[in-house]
Amino acid sequence: MKVIQKRWTNLLIHFLLFSLFSSCSFQFSDDYFVELEQPESSALLTVSLLEDNMIVSQPIMSSYVFNGNNKHRLYSVNITIDNRGILGSSNTSDSFEINPDPLSEGEHEVAIKFQYSSGSRSLADQNDFERYESILRYTIIVDKSSPKPISILGVEVIDGSIFLNWNSVEDNIFQEAHLNVYPPNDYSALRKIELNQEIINSLQFNDTISTDLIMDFSITLKNRYGETESERINLTLDKPKLYGEIIDGSSYKFIWAEHPLYNNFDNYNYNVRPNNTFVTLSNRGGEYVVNDAPTFGQQDYHSLNLQRNNSGYGLHHVSERIHFGKTFDVPWGQTYVFNKERNTIFTVVLDGSSSFNAPRDVVLYELNPENLEVLNSRSLFTIYDSYVDLIIDPVTNDIILDLFDSSYFVDPTSLTIKETFESTDYVAPSDFIITRLRNRFLIIERTNGSNVSIYNTGTDELVYQDAVDYRFFVAEDGSAIFNQGTIYLLNNQSYEAIKTIETTNNVSAHEVLFIPEKQLCVYSNVYGNPVIYNYEQNTSINVSAITNIYRINYDSVNEKLTMFQRDYDGYQIDMAHLVNLNGQVEKSLECFENNTGLQYYPLNRKFISNQGLFLDTYFN
């Protein structure tokens, strides 16, 4: 800034000379001349906001104030930009605008010229003939470029809230700044949060609003000549886990984990079943007891709505299809069996299309007995039908794999086929049959003719043959069979009838399970109670608490039965009952049944669903 002052005395000198020479004649000498000292100016004009070499990228409203210190009188103020006037005023204070819009980019001069009295109190000063003039000059630099984009260094979650950091923004010119929050891979922002200059200069922002689990962030800077947006940076958070834990047959725990952004909202709102009541739950995780019957295998949506106090609405929600139990990686096994000798679980999967006559790979899996992780697997061969069954031979501990027309001994260590048994070696044709291998006995049941034949594979001798009136059952060690309402025991390579099971409402038993190591036969029909029959002692226990049992399983580890009961009043719900060998029902549990091949298997104190779930608590 440059200040220039001039003294305005010409008019005063002319006036004095004219007065002297037009009056009487005087004798002049040096003693008559007096040199008058001009007073130093004490006037001050201050200007706001304007600085030399300042960058101007938007209109600036500046102002001036003239202070004469009770000595100088202001006559005028004239302000120009590149000699083009923008203000002329005689006020001791006024304001003016420096607008860069009509100016080119680069340097421009702002000149502030003001005139004021000398303050000498002379006759000329008092008659406004003695003036001073000062000029203030400023160089301004007009910048019409868009703001430089901010570089976001990172985004992280600290103490349940979002923090963003960015690089320094020195020499950045902007009028507006916003934090943009986007859904992933979307160009429409979920929200724009205004950032002031102080926040931008602090190089950090705490986003206390966002509660989504996957977001992209960017910062937009804007001025009157354009705007720039930083590169987006992503934040992906794990969804809080929701799951259920069975307490008993009529209640369960709803369990939820801490939300990663717990400090960005106050609590959850949860709809409690079955009465649709709403409760407030902690955003830090916890447990809530629901007094409703749990249904194992049915995955229902549960939702937690995020709430802020006094907001009146939910911000976001966390939802999940929850189930009771743990998951494992080999679902839809045709059956699951436990090998006590190896202490592992085996299953067989048909891998391929389910359409008619489509090729399917027969794949054997060995699973960890605790978490059902895969320990070993092998694809054995390809079939073109949909039937395969699996048991553990109780005599050799080999795996027995049954198909429609053949059976196989499979080594449990290498999962390789040791021996093959073809039904065509015994019967013809091989259509419409089911083949089973039990302790070197090959059972061939012809489904279209409803008869069954049993051959000793060691001698190829036919040891049993008869019609099948309803269903045929055989013990896993081949020591007992059930047919036409009668229990037969193996005696010297032949089957002898030992008991005829009474019918109920003229209906024979339609579910029979043998437990040879206990000399037990457990059976039921659609009308009566299940019966636990000890064929060694010829005694029976009637399980009087339940009826309508359509399937029975036995877990040899905990030595308990699981009996499945149709529940015609419950849509797609069956009941599983845990029954001890004394005929007492210890526990009951609803199981989901949707007629798509869902099955449940009690093994090694676990309750396994072939949809890839298992329970290791409560139902054992």
Side-chain angles (χ1 to χ4, degrees), residues 244-253 274 289-298 324-325 336 338 473 482 487 501-505 507-535 537-593 598-610 613-620:
E245 182 179 302
I246 297 173
I247 299 175
D248 53 38
S250 60
S251 62
Y252 62 90
K253 292 178 184 177
V289 176
V290 179
N291 292 316
D292 188 24
T295 302
F296 180 53
Q298 184 175 38
F324 303 102
Y336 295 81
F338 181 65
F473 299 91
F482 173 87
I487 298 173
I501 297 174
E502 64 279 5
T503 62
T504 304
N505 293 342
V507 176
S508 178
H510 66 281
E511 178 68 7
V512 177
L513 172 74
F514 289 102
I515 309 175
E517 65 269 28
K518 300 286 187 182
Q519 292 81 44
L520 297 178
C521 176
V522 185
Y523 60 88
S524 72
N525 66 29
V526 293
Y527 296 110
N529 305 112
V531 175
I532 302 173
Y533 172 63
N534 188 311
Y535 48 79
Q537 300 175 2
N538 194 27
T539 57
S540 296
I541 298 174
N542 192 289
V543 185
S544 59
I546 50 179
T547 59
N548 191 25
I549 299 302
Y550 72 93
R551 183 165 162 249
I552 302 172
N553 290 93
Y554 177 66
D555 184 357
S556 60
V557 175
N558 66 2
E559 298 186 345
K560 292 181 182 179
L561 298 159
T562 300
M563 299 185 177
F564 293 88
Q565 178 186 42
R566 297 288 186 195
D567 184 1
Y568 296 105
D569 294 329
Y571 176 69
Q572 294 185 333
I573 301 295
D574 288 348
M575 293 296 296
H577 302 281
L578 192 67
V579 182
N580 62 34
L581 296 181
N582 294 321
Q584 297 169 325
V585 177
E586 295 184 352
K587 297 177 181 179
S588 298
L589 179 65
E590 289 186 359
C591 294
F592 183 57
E593 170 58 57
L598 270 179
Q599 295 289 341
Y600 299 89
Y601 303 89
L603 293 174
N604 191 33
R605 299 183 183 273
K606 291 177 176 56
F607 195 50
I608 300 172
S609 165
N610 65 346
L613 306 173
F614 72 93
L615 292 173
D616 55 8
T617 58
Y618 176 66
F619 203 76
N620 53 31

State, to 0.1 Å, how close [X] and [Y] come at their nearest heavy-atom pair, and which atoms those are.
X    : Y    : answer
L561 : L513 : CD2-CD2, 3.8 Å
F514 : C521 : CE2-SG, 3.7 Å
Y618 : I247 : CD1-O, 3.6 Å
D248 : S250 : OD1-N, 2.9 Å
G249 : P294 : O-CD, 3.5 Å
P530 : S524 : CA-CB, 3.9 Å

4.5 Å side-chain heavy-atom contact, [X] and [Y]:
X    : Y    : value
I546 : V579 : yes
N291 : V289 : yes
Q298 : E590 : no
D555 : T562 : no
S508 : F482 : yes
I246 : F619 : no

Straight-line distance of [X] [atom1] to [Y] [atom2], nearest 0.5 Å:
X    : Y    : atom1 : atom2 : value
L598 : D574 : CG    : CG    : 10.0 Å
T617 : F324 : OG1   : CZ    : 11.0 Å
L578 : N553 : CG    : CG    : 11.5 Å
L520 : I532 : CG    : CD1   : 7.0 Å
F564 : E511 : CZ    : CD    : 10.0 Å
I541 : L581 : CD1   : CG    : 8.0 Å

**OP:** Apply side chain to side chain donor-acceptor pair (under 3.5 Å) to the pair Q599 and N610, showing each step before the final yes or no.
**Re:** CA-CA 6 Å; Q599 295 289 341; N610 65 346; over 6 Å; no
Original post:
Quick check: are there more than 12 heavy atoms from other residues, nucleotides or ligands sitting under 6.0 Å from OH of Y550?
Top reply: yes
Subject >> F296 and Y600: CA distance, side-chain angles, deciding distance, ring pair (Phe, Tyr, Trp, His ring centres under 6.0 Å) verdict >> reply: CA-CA 10 Å; F296 180 53; Y600 299 89; 5.7 Å; yes
For the side chain of [X] and the backbone of [Y], is there at least one donor-acceptor N/O pair under 3.5 Å apart?
X    : Y    : value
H510 : I549 : yes
N580 : N582 : yes
Q565 : M575 : no

Residues 601-608 side chain polar contacts: donor-acceptor under 3.5 Å, at least two apart:
unit_1 : atom_1 : unit_2 : atom_2 : d
Y601   : OH     : Q334   : O      : 3.2
N604   : ND2    : P369   : O      : 3.4
K606   : NZ     : P369   : O      : 2.9

**OP:** Given side-chain contact (heavy atoms from CB on, under 4.5 Å), test E559 with Y554 step by step and report yes or no.
**Re:** CA-CA 7 Å; E559 298 186 345; Y554 177 66; 3.5 Å; yes
Subject >> Partner set under ring-ring contact (aromatic ring centres under 6.0 Å, His included) for Y523, not counting sequence neighbours >> reply: none
Subject >> T503 and N525: CA distance, side-chain angles, deciding distance, side-chain contact (heavy atoms from CB on, under 4.5 Å) verdict >> reply: CA-CA 8 Å; T503 62; N525 66 29; 5.7 Å; no
Subject >> Qualifying side-chain hydrogen bond (donor to acceptor under 3.5 Å, both in side chains) pairs, either residue in residues 537-547, two or more places apart >> reply: Y533-N538
